[in-house]
Every structure is written in structure tokens, then in C-alpha cells.
There are 2 protein chains.
Amino acid sequence: MKETLNENAQAVLNVMRASHSHMTATEIYEAVREKRSRIGIASVYRILHNLVEQGYVKELWHADECCRYDAHVERHDHAICTVCGVLLDIPIEVKVPQGVLQAAAEAAGIELSSHELRLYGRCPLCNTNKEQTAQIK
Amino acid sequence: MKETLNENAQAVLNVMRASHSHMTATEIYEAVREKRSRIGIASVYRILHNLVEQGYVKELWHADECCRYDAHVERHDHAICTVCGVLLDIPIEVKVPQGVLQAAAEAAGIELSSHELRLYGRCPLCNTNKEQTAQIK
DNA sequence: ATGGGTGCAAATCCTTTGCATCTGC
DNA sequence: GCAGATGCAAAGGATTTGCACCCAT
């Protein structure tokens with residue numbers, strides 16, 4: 001494992017940090033190509049794996065979508081829209097009581113190291129468009 | 001949407017209920033084939049989609065694995081092993097205070113309908129095998 | 001000259017789709 | 001005979017891999 005990022009890796013990370021959304025590998029590839037036009041998609045995947053391994057970004061697997069990547073690596077929670085499927089970050093620190101987490105971890109038999117809360121419901125946009133047809137996959 | 005399951009669909013559901021693990025489509029296909037040897041994998045996928053739509057089973061997307069299906073549809077929480085990646089059900093009802101959920105939902109702007117807690121840590125098996133090499137993907 | 005990183009193309013894997021057939025009514 | 005369900009094979013899409021090449025050491 002190395003500590004320094006080369007130019008391509010730095011470009012990938014910059015793109016991800018500049019965007020505040022959860023990008024797919026293809027979106028990242030296209031954005032990076034504007035700066036470094038010779039990069040290939042395979043390199044983007046290789047770089048993303050390295051960045052995940054080194055803790056710079058996290059993978060978000062969700063529904064039947066392809067993998068999205070998140071440069072926001074601090075612990076945080078997510079909300080998932082039951083209508084359009086979008087996955088949103090919850091912008092506040094949510095405090096689940098430590099005792100609740102511990103009891104659950106013990107019940108599952110795991111040695112707790114982190115956690116994530118996922119909420120399901122209508123996102124603001126789908127809530128507004130209630131009357132209109134659902135726009136899902 | 002219909003209410004009755006035909007023979008193939010019933011066979012798929014039986015297999016899933018008999019297994020207490022989270023099966024992949026291929027595993028389900030192989031198990032169903034023991035009873036109904038002429039079924040094809042495409043039908044298994046079609047049936048699984050119907051079962052999801054009708055609420056008999058749920059999809060579990062997780063890491064870079066293929067989709068797994070769960071016949072355990074009541075709300076429950078999960079624990080994910082940071083070493084081997086296994087996703088386990090938490091066998092107790094975990095009570096996250098309603099106020100915490102509401103505050104988080106409001107922060108995200110969603111109309112809360114359900115939630116799931118995900119814990120991360122070493123599973124019992126990986127905890128036992130601590131000294132040994134990690135056995136990941 | 002050596003090793004790591006690269007682009008390209010081909011391969012791989014899971015899942016979906018097209019289509020002709022079969023089934024029950 | 002019709003509508004829905006089926007098996008098979010082919011297509012599709014995201015991701016990975018093989019390989020030759022290039023560059024800095």
C-alpha cells in the first residue's frame with residue numbers, strides 16, 4: 001500500500017470531491033477525461049479500487065444499480081426513496097443510543113466497529129410529484 | 001397483480017423458506033431444479049421479480065455480490081462482516097427511538113416509511129479466525 | 001533492466017429479453 | 001383460440017483481465 005496518489009488517481013479524487021453526488025464509474029470516467037483525455041475506463045476502475053482500499057472513497061451498492069462511489073468517508077447515514085430509488089446522505093449526525101447498538105451487535109454475535117442507519121420513504125421530489133405517475137425503473 | 005402463485009412460483013418460495021440463508025438466484029435455481037427439473041434460470045428471475053413485487057420476498061444488494069433474496073420480509077436489521085463480507089440478520093427487534101428516526105428523516109426531507117440499521121464489524125467466524133489470513137473475496 | 005501503471009480489447013459474470021412453444025381455460 | 005407462463009439462446013451492461021507498451025527509476 002502506498003501513500004501518494006499519482007496524477008490519474010488525483011484527478012479521479014478531485015472529480016469526486018468536486019461533485020457532491022454519488023457518481024458511477026462511468027460518470028467519473030467521463031469527467032476525468034475532460035482533464036486527462038487518454039485515460040481508459042479500466043484505469044478508472046483500478047484507481048477506484050485503490051482509493052477504496054486506501055480509505056479515500058467508499059463504494060455504495062444499492063438496488064440493482066451499478067456501483068456508485070462516495071468521497072464522503074466519515075460515518076454518516078442514508079435515506080433511500082421508495083419511489084425513485086435515489087440514495088441521499090442524511091446531513092445531520094444521527095445519534096442511535098450506544099446501548100441499542102451494543103445489544104444488536106451482541107445479538108448478531110459481531111464485534112461492532114461501525115454502523116449506518118438507512119431510512120426509507122418518499123424523497124422531497126417524489127413527495128411533490130405524488131399525483132403524477134411514479135418515475136421508477 | 002395476482003394473488004395466487006403457480007407451481008413454479010410456489011416451488012421457488014418453498015425453497016427460500018426452507019433455507020434460512022440469503023440465497024442467490026443461481027442457488028435458488030439449482031434447488032428448485034431438484035423438484036422441477038425443466039425450469040430455466042430466466043423463469044427463476046421472472047418469478048423472483050414477481051415475488052418481490054407481491055411482497056413475498058426482498059432483494060438484498062450488498063457489496064459487489066450478485067443479488068440475494070430473503071423470504072424474511074418483516075422489518076429487521078443487518079450486520080455485515082468487515083472481514084468476509086457476509087450479511088447476517090440481527091435476530092432481535094432493535095428499537096431505535098422514534099424521535100431519532102424522525103429527526104433524521106426531517107433532515108433528509110423524506111417522508112419516513114421504514115428503516116434499517118446496519119452494523120459493521122467482525123462476524124463470529126472471522127473473530128475466531130483472527131490470527132489466520134483474512135479470507136475475503 | 002526492472003517494476004509499476006497504462007490503454008485497449010477481449011473476456012466474464014449476472015441479469016434481461018426475444019421468441020417460439022406450451023398450458024389451461 | 002387466446003393470454004399468460006415457459007425454456008432456450010442470445011443480448012446487454014458493468015466490471016475485470018490479459019497483454020503489450022511506456023516511463024521513471
Side-chain angles (χ1 to χ4, degrees), chain A residues 1-16 21-54 56-70 85-87 136-137, chain B residues 1-16 21-54 56-70 85-87 136-137:
Chain A
M1 195 171 302
K2 64 173 171 32
E3 288 79 35
T4 57
L5 300 179
N6 68 19
E7 295 191 3
N8 279 348
Q10 193 62 59
V12 167
L13 196 50
N14 288 345
V15 159
M16 296 182 64
S21 64
H22 302 139
M23 302 176 82
T24 64
T26 307
E27 287 165 357
I28 293 166
Y29 168 59
E30 281 163 4
V32 170
R33 252 203 314 184
E34 291 176 10
K35 300 278 179 182
R36 323 202 88 245
S37 62
R38 298 199 30 72
I39 199 171
I41 185 77
S43 297
V44 171
Y45 276 108
R46 281 184 286 234
I47 289 166
L48 285 169
H49 287 173
N50 291 344
L51 292 177
V52 168
E53 202 166 286
Q54 297 172 243
Y56 287 104
V57 306
K58 277 163 78 172
E59 295 184 336
L60 295 177
W61 293 93
H62 164 235
D64 57 353
E65 288 195 336
C66 61
C67 183
R68 290 175 179 275
Y69 295 85
D70 191 353
V86 69
L87 185 151
I136 289 281
K137 49 163 180 179
Chain B
M1 195 171 301
K2 64 176 174 29
E3 287 77 36
T4 58
L5 299 180
N6 69 16
E7 295 192 2
N8 278 348
Q10 193 62 60
V12 166
L13 195 52
N14 289 345
V15 158
M16 295 182 65
S21 63
H22 302 139
M23 301 175 83
T24 63
T26 307
E27 287 165 357
I28 293 167
Y29 169 60
E30 281 164 5
V32 171
R33 254 205 312 184
E34 291 176 9
K35 300 278 178 182
R36 323 201 89 246
S37 62
R38 297 199 31 70
I39 199 171
I41 185 77
S43 298
V44 171
Y45 276 107
R46 282 186 284 236
I47 289 166
L48 286 169
H49 286 173
N50 291 343
L51 293 177
V52 168
E53 202 166 285
Q54 297 173 242
Y56 287 105
V57 307
K58 277 163 75 174
E59 295 184 337
L60 296 176
W61 293 94
H62 164 235
D64 57 353
E65 288 195 338
C66 60
C67 182
R68 289 175 178 275
Y69 295 86
D70 192 352
V86 69
L87 185 150
I136 291 280
K137 51 165 180 177

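So you know, we letter chains A, B, ... as the sequences are listed, proteins then strands, and number each from 1.
Note: CG (B:Leu60) to C1' (C:dC14) measures 16 Å, nearest angstrom. If you measure from atom CG of B:Asp64 to atom P of C:dC14, you get 11 Å, rounded to the nearest angstrom. Atom P of nucleotide D:dA14 and atom CZ of A:Arg68 are separated by 11 Å, given to the nearest angstrom. Protein atom CG of B:Asn50 is 16 Å distant from nucleotide atom P of C:dT15, rounded to whole Å. Whole-Å rounding puts the B:Glu7 CD to D:dG7 P distance at 12 Å. Whole-Å rounding puts the A:Glu59 CD to D:dT15 C1' distance at 11 Å. Atom P of nucleotide D:dT6 and atom CD of B:Gln10 are separated by 13 Å, given to the nearest angstrom. The distance from atom CD of B:Glu65 to atom C1' of D:dT16 is 17 Å, rounded to the nearest whole Å.
In this view, A:Val52 and A:Val57, A:Glu59, A:Tyr69 satisfy the side-chain contact (heavy atoms from CB on, under 4.5 Å) rule, not counting sequence neighbours. A:Thr24 is linked by a side-chain contact (heavy atoms from CB on, under 4.5 Å) to A:Thr26, A:Glu27, A:Cys66, A:Arg68, counting only residues two or more places apart in sequence or in another chain. Legend: residues meeting salt bridge (Lys or Arg N to Asp or Glu O under 4.0 Å) with B:Glu30, ordered by chain and number and at least two apart, are absent.
One finds no side-chain N or O of A:Tyr45 lying less than 4.0 angstrom from the OP1 or OP2 phosphate oxygen of D:dT16. A sub-4.0 Å separation between OP1 or OP2 of D:dT6 and a side-chain N or O of B:Asn6 is present. For C:dT15, neither phosphate oxygen OP1 nor OP2 lies less than 4.0 angstrom from any side-chain nitrogen or oxygen of B:His49. For A:Asn8 and C:dT6, the shortest distance from a side-chain N or O to OP1 or OP2 is below 4.0 Å.
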Pairs of donor and acceptor atoms involving the side chains of residues 33-43 of chain A, under 3.5 Å and at least two apart or interchain, shall be tabulated with distances.
unit_1	atom_1	unit_2	atom_2	d
A:Arg33	NH1	A:Tyr29	OH	3.3
A:Arg36	NH1	A:Asn8	OD1	2.3
A:Arg36	NH2	A:Glu7	OE1	2.6

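Of the residues in residues 30-43 of chain B, those with a non-hydrogen atom less than 4.0 angstrom from any atom of DNA chain D are B:Arg38, B:Ile39, B:Gly40, B:Ala42, B:Ser43.
Counting heavy atoms from C-beta on, the side chains of B:Leu51 and B:Leu5 come closer than 4.5 Å.
The base of C:dG7 is paired with the side chain of A:Arg46 by a donor and an acceptor separated by under 3.5 Å.
When the nucleotides D:dT15, C:dT6, C:dC14 are ranked by their closest atom to the side chain of A:Trp61, D:dT15 comes out on top.
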- [ ] Test side-chain contact (heavy atoms from CB on, under 4.5 Å) on A:Leu48 and A:Met16 and set out the steps.
- [x] CA-CA 10 Å; A:Leu48 285 169; A:Met16 296 182 64; 3.8 Å; yes
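Of all heavy-atom pairs between A:His62 and A:Gly85, the closest is CE1-O, 2.6 Å.
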